[in-house]
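This structure is a prediction, so every number in the text was calculated from the model and none was measured. Every heavy atom of this structure was used, including side-chain atoms; hydrogens, water molecules and symmetry mates were not. Proteins get letters first, then strands, A, B, ... in listed order; numbering begins at 1 in each.
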Amino acid sequence: MKQIKKIHRLALGEVRLHASLFWLVNIVLGIGAVSYAVFSSLSDRVSDFSYALTSDSGSAAAKMYFVSFQERWFEPSAVGAAVLLIGALIGCIAASEVFRDTESLPHSDMMLSLPMSGTARYFSKLTALFYIHILPVIVWTGAACAVGKLRCALAASREDMVVYDSFINGRLFLAVLATILFIDAITVLFSTFCGAISGRKGLVAIAVIALSAAPMIFWNKLEFLWTGRTAGSGIGNAPFGWTLAFLWIVFDESGWELWSDWLLVLNCLISVTILLLCVFPYRRRDGRDTGKPVISRVFYECIFFGCLAFIYGASLFRVPAYWGIIIGLVIFLLLHLLVEKGQLALRKMPRWIAQFVIFTVIYLLVAFAAFKTGGFGGVKKLPEKPADEHNITLLWVHPEAYGMYGEYMWTVSYERSLTDPEARTLLEIVQKYMDRRERTADEFFRRLLHGEGWVESYRKNLKQEEYKNSGNSDNRQVFFTADAGGYNRHESSGSVEDVYRLTQEALLEGNEFDVMMSEIESALDSFGLKSSFSVIETIVR
Amino acid sequence: MIEISNVSIGFETIRRRTKKDGAANPAAESGTGDMFALDGVSLSIPEGCVYGILGSNGAGKSTLLRLICGVYRPDDGSVMIDGEKVWDNEKAKEKVFFVNDETVQFTEYTPKELANYYSCYYEGFSVEMFDRLTEQLGLPVNRRLSTFSKGMKRQAIVALGLSSGTKYLLIDEAFDGLDPAMRKLVKNMITDAVLDRGTTVLISSHNVTEISEYCDRAVLIHKGKIVFSGEIDEIRGGLCKVQFVRKESPVTREEIEQTGLEVLQYTLLGSIAQAILRGDSDTVSEKIGQVSSDLAEQIPLTLEEVFVYELKARGYGDETD
């Protein structure tokens, strides 16, 4: 208890030393919180639900109707949320400032000679970091989100209506917290393990972005895209430290829903665990370690590999492979130069290039293994159970349509809830067709070498230019009925037609889809649901 | 009392090698040309004295101070303060305040902020004393140190050290950057602390004259090893300068060496031969009587001369002759 009190007292001393940073963080966060509370709004929104029904005889004739109704939505202030984020990120300087003794000899002289053990010093610094950075974020973001939540609750009680999206407040709070904890954890990890490298904030930034985003991109590639499943099915939507996702959810409405609270809490817990565990490398350091790593060179290589995996994840199979590889090589060499303190060590260059080649080969081997085995068997796994009783989402990627990133989602509604076995039967059908992809080395290399460009040459009917000229292609909805004979379009407008035509051509040529839908229809028939089938929504990205 | 027993510490490759081998390499120089910063150093620093640490550039003076205050962990041997090991030991470090030769770590703060900071760590920190000292030195306590001159920064940090109330005060390059007036003032402050509180002060410096004037004891370090240590007068008495005059032919080095005295340096100017000899005054007087000369006269050595001759005897600075 005495020790804890002492650590707390010393932490307050450290906070006083960094008072200017403390106030800066609080001022920016305060502005963000007030902006969020003031500029977030409750608005009415008209929603149109369009249903296209087939006749029970399976003929091409169809009925269409629209249902429109008004709802109250919570519109979070993107500006307020962004300022909160900026405040939170400014505070991240605190982590490297508080742990500056790991990189600067004068600071380590000052800190290490003070009367305290390494463990106590670490925890006093961690406590100081909590006061300077984490606590202000909790207080200000928490207050802003509480105001948002309160407004929703008041509106709901006054007007006796549901206010949608009020959950965003809680999620924003958790997302900001997860983000700053992640950045703090990574910065402290770098400081305690690497010493000097923590001073090169550029490298920390690169590593944070790359390491945090790489798992998501890699996961998508291996587990979803290469196996024919989309990333939207709720598995691993918030892998540890996917910091960029926070930016996304602030500025992209749809992003909010892809996070789940428990995953964000898990993110926070992992970061806190890292922060606590860093005491071990920290207390190992003495003054001689200042500015130097106390960890094997392998740690750096892991960071480099993480960055390379990020670049490859973002580029390979999208653009022709040589682009990704050239960019990867340049970044890889730059990172080495950063670690070598900017010295162009030419004699080391061949070794770096050899490492790069090894990493690249390893990456491609893993990629090929994933491709060949269907995401290491991930494709065999059933998608998640229906999210609610009335809707089931069938996920399907049709690679021939818009390359690997073409993504279609059909939402099928039913008159009654599907039972679990029924839902499972339908999903198994989809699964079966997903798994029919031919996985040859030829196809792998064709995709690798040509990227998305491959689609253009392979799919004669789908001209990239035509696609681009079709106007805004995001979230375009086309409605069509399905029957035994195929598909009939019933509703579209403006440039949507172009998109739909291309989509349909691609789909029909694939033919696989028709076979699958026939099978689904048969299954629905066996459930006694055929007459109510279906709403089909196509999302083209 | 500070007890340093057989301490070795190395950097970079040496450090890695000693860790791997499990024991320090006793050789001062390894095959790769790397040096131990300190090699098998043993030293006792009694309480209540002003102890000077002398040495050539890169000799290991700052390393020694960092070992004593717990910034460095020795690879071999031990550093104890009043019977407690220093490394990672809060109890031992409570008794030490280290003023290093840099002030860059303090520049963003005001002296008052630093006083508040250090008062969290040192229970004996006296705000009254800090106020008194800063007033005496004429330092503005609410201005950032970045706006101070080099000398003012040093004064502020020494004032912090003296106010911390620790039993041991370690000052690296103590009077660096201070003008003569301030030098005197700071010295008086330190002297007051020694007299009033019995503070033990360790001062490292290149300025041998200053150390000889100000310190009771001193240690000379060269290439990580102790050349001599002890009271200043003792050290000075360890070498003698003797001038020999002989009309017919000058006294040669060989003649002096035949008496059994170690000759550190021998110079000849006309018929006058001058030699730096190891040994106390009595021994040297006795032995130079065996050398035939018209006149043999002992001349007192300054500590600076002792420093120079001892290092020259070890090949340091020869190229500057």
Side-chain angles (χ1 to χ4, degrees), chain A residues 2-3 5-22 24 93 97-125 127-128 279 282-297, chain B residues 9-12 14-16 37 62-63 65-75 81 86-110 112-125 144 157 160-161 164 166 168 170 172:
Chain A
K2 197 180 162 192
Q3 191 69 3
K5 273 187 183 167
K6 181 162 188 185
I7 286 173
H8 187 253
R9 184 164 52 87
L10 302 180
L12 291 180
E14 190 84 30
V15 173
R16 278 201 289 269
L17 211 56
H18 299 287
S20 46
L21 189 59
F22 173 82
L24 178 69
I93 301 165
E97 280 298 311
V98 169
F99 284 90
R100 204 153 166 207
D101 56 309
T102 59
E103 58 169 292
S104 146
L105 189 57
H107 283 83
S108 85
D109 275 350
M110 178 184 169
M111 293 307 306
L112 270 71
S113 63
L114 290 172
M116 62 201 309
S117 65
T119 307
R121 190 169 58 249
Y122 180 79
F123 283 112
S124 77
K125 282 176 175 292
T127 312
V279 67
Y282 182 82
R283 70 181 190 185
R284 260 188 67 189
R285 306 185 73 91
D286 79 353
R288 285 174 294 171
D289 296 316
T290 305
K292 294 179 192 128
V294 291
I295 195 165
S296 145
R297 181 82 193 179
Chain B
I9 182 167
F11 291 85
E12 302 293 341
I14 288 256
R15 187 180 177 201
R16 283 199 289 275
S62 301
T63 304
L65 288 178
R66 288 191 173 106
L67 275 165
I68 295 170
C69 68
V71 172
Y72 291 161
R73 173 174 33 192
D75 289 336
I81 289 183
V86 180
W87 170 251
D88 210 27
N89 185 347
E90 189 179 322
K91 212 171 153 189
K93 291 208 278 188
E94 264 171 4
K95 297 175 183 169
V96 187
F97 191 100
F98 176 45
V99 180
N100 75 355
D101 56 347
E102 295 265 6
T103 47
V104 65
Q105 68 274 33
F106 303 112
T107 50
E108 293 165 39
Y109 314 111
T110 66
K112 198 167 186 117
E113 284 170 341
L114 289 169
N116 287 334
Y117 182 68
Y118 280 112
S119 64
C120 296
Y121 287 89
Y122 294 99
E123 283 178 12
F125 192 93
R144 286 189 174 204
I157 307 307
L160 282 167
S164 67
T166 54
Y168 301 96
L170 280 53
D172 200 1

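- Across all their heavy atoms, A:A11 and A:T127 have their closest contact at CB-CB, 3.5 Å.
- Looking at B:E102, only its side chain comes within 4.5 Å of chain A, counting heavy atoms on both sides.
- Between A:D286 and B:W87 there is a side-chain heavy-atom pair separated by less than 4.5 Å.
- When heavy atoms are compared at a cutoff of 4.5 Å, B:Y109 approaches chain A solely by way of its side chain, counted from C-beta outward.
- Proximity to chain B (any heavy atom under 4.5 Å) is shown, for A:S113, by both the backbone and the side chain.
- Heavy-atom pairs under 4.5 Å with chain B were tallied for A:T119, A:L112, A:L17; the largest tally goes to A:L17.
- Between B:A92 and B:V86, the shortest heavy-atom distance links the atoms CB-CA, 4.0 Å.
- Looking only at side-chain heavy atoms (C-beta outward), A:D101 and A:M110 stay at 4.5 Å or farther from each other.
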Decide yes or no on side chain to side chain contact (heavy atoms under 4.5 Å, CB included) for A:S20 and B:E108, but give the supporting numbers first. CA-CA 10 Å; A:S20 46; B:E108 293 165 39; over 6 Å; no

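- Most heavy-atom pairs under 4.5 Å with chain B: of the set A:M111, A:H107, A:R283, A:R100, this distinction falls to A:H107.
- In this structure, chain A has heavy atoms under 4.5 Å from both the backbone and the side chain of B:D88.
- Side chains of A:L114 and B:K93 form no contact here, defined as non-hydrogen atoms less than 4.5 Å apart.
- Interface residue B:Y118: only side-chain heavy atoms are found under 4.5 Å from chain A.
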